[in-house]
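When reading the values below, keep in mind they use all heavy atoms of this one structure, side chains included, and skip hydrogens, waters and symmetry mates. Numbering of residues begins at 1 and proceeds along the displayed sequence.
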Amino acid sequence: GNLHILPCLLKWVEGDQGTADADKDIDAPFLAIWYTPENLDTGVVVISVHDRSSDNYKSDWWWIVPYFKYTLGPLYIEGEWDCRRGDYRDYNDDTNKKDLDYNANGFYLYASYTAGPATVGLGWLYHEGDDDVNDDEMNACPHGHHFEPLLILTGQTNDRNLGGLGNLNR
């Protein structure tokens, strides 16, 4: 199999002009690791988000997305977990607002079986919502980009995962 390791830094800048840097950036260093032996593709993406785009709060949280895709003869199974943990909103003392922790989950599981020219598959997707906006947790986990689970013939149009990194379809 092949082991792949990809470190990267995503950076959004706001208000930078000329040589003067503003302190309203969003930095998101991440590490993607995936392993692809025969019949298996598995890996994890770990992102550390540091958001300083607001004058009222800062945000430091982890986004962890492990996934797998496995084939055994005519059986195919894939899955993913979208896990978000950390400080979603750490408000300045002068705002009088309650800090919010990030504690959100999303899950995806799909299995299919191919017999001759036909393939039958069944999938399950779950993403949390924030059911209590007055508590100290943000539980909402957004669903994937362009996720269209009711299509009968999906093809390669659903090529994004829960985190938007493109590892769900073969």
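- The cationic group of Arg84 lies under 6.0 Å from the six-membered ring centre of Trp63 and within 45° of the ring axis, placing it in a cation-pi geometry.
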- Determine, step by step, whether Lys69 and Thr36 satisfy the side chain to side chain contact (heavy atoms under 4.5 Å, CB included) criterion, reporting the C-alpha distance in whole Å, the side-chain angles of both residues, the deciding distance to 0.1 Å, and the verdict. CA-CA 9 Å; Lys69 298 188 286 186; Thr36 57; over 6 Å; no
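- Listed here is the closest heavy atom pair of Asn92 and Asp55: ND2-O, 2.5 Å.
- The two atoms that bring Tyr67 and Thr42 nearest to each other are O-OG1, 3.0 Å, heavy atoms only.
- Classification of Lys58 and Asp51 as a salt-bridged pair fails, no side-chain N sitting under 4.0 Å from a carboxylate O.
- For the atom pair CG (Leu40) and OG1 (Thr71), the distance works out to 9.0 Å, reported to the nearest 0.5 Å.
- How far CG of Leu122 is from OG of Ser112: 10.0 Å, rounded to the nearest 0.5 Å.
- Of the N and O atoms on the side chains of Asp27 and His50, not one donor lies less than 3.5 Å from an acceptor on the other residue.
- Between Ile47 and the choices Trp62, Trp61, Phe30, the side-chain contact (heavy atoms from CB on, under 4.5 Å) rule is met once, by Phe30.
- Counting non-hydrogen atoms of neighbouring residues, nucleotides and ligands closer than 6.0 angstrom, the CH2 atom of Trp124 exceeds 12 such neighbours.
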- Tyr110/Glu78 under side chain to side chain contact (heavy atoms under 4.5 Å, CB included): CA gap, chis, key distance, verdict: CA-CA 5 Å; Tyr110 173 77; Glu78 65 183 27; 3.8 Å; yes
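- One distance of note links CG of Asn103 with SG of Cys83; it measures 8.0 Å at 0.5 Å rounding.
- Nearest heavy atoms, Trp81 versus Asn105: NE1-OD1, 2.9 Å.
- With rounding to the nearest 0.5 Å, the separation of CG in Leu3 from CD1 in Ile5 is 4.5 Å.
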- For side chain to side chain contact (heavy atoms under 4.5 Å, CB included), just list the numbers for Tyr57 and Asp90, CA-CA rounded to whole Å, side-chain angles, deciding distance to a tenth of an Å, and then say yes or no. CA-CA 5 Å; Tyr57 64 84; Asp90 188 4; 5.6 Å; no
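- For the atom pair Ser54 OG and Tyr91 OH, the distance stands at 8.0 Å (nearest 0.5 Å).
- Shown here is Leu9, whose CG atom has more than 12 heavy atoms of other residues, nucleotides or ligands within 6.0 Å.
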- Would Asp41 and Trp34 count as a side chain to side chain donor-acceptor pair (under 3.5 Å) if you check the C-alpha gap in whole Å, the side-chain angles of each, and the deciding distance to 0.1 Å? CA-CA 7 Å; Asp41 180 357; Trp34 65 101; 5.4 Å; no
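- A distance-only check finds no donor-acceptor pair linking the side chain of Asp87 to the backbone of Arg89 [under 3.5 Å].
- Across all their heavy atoms, Met138 and Tyr88 have their closest contact at CE-OH, 3.5 Å.
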- Item | Stepwise side chain to side chain contact (heavy atoms under 4.5 Å, CB included) test for Leu125 and Glu80 | CA-CA 9 Å; Leu125 171 72; Glu80 182 175 306; over 6 Å; no
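- The pair Asp136-Lys97 does not meet the salt-bridge criterion, since no charged nitrogen lies less than 4.0 angstrom from a carboxylate oxygen.
- The side-chain heavy atoms of Asp99 and Asp101, taken from C-beta on, include no pair separated by under 4.5 Å.
- Expressed to the nearest 0.5 Å, how far CG of Asp82 lies from OH of Tyr126 amounts to 12.0 Å.
- With hydrogens and angles ignored, the 3.5 Å screen pairs no side-chain donor or acceptor of Asn139 with any backbone N or O of Ala104.
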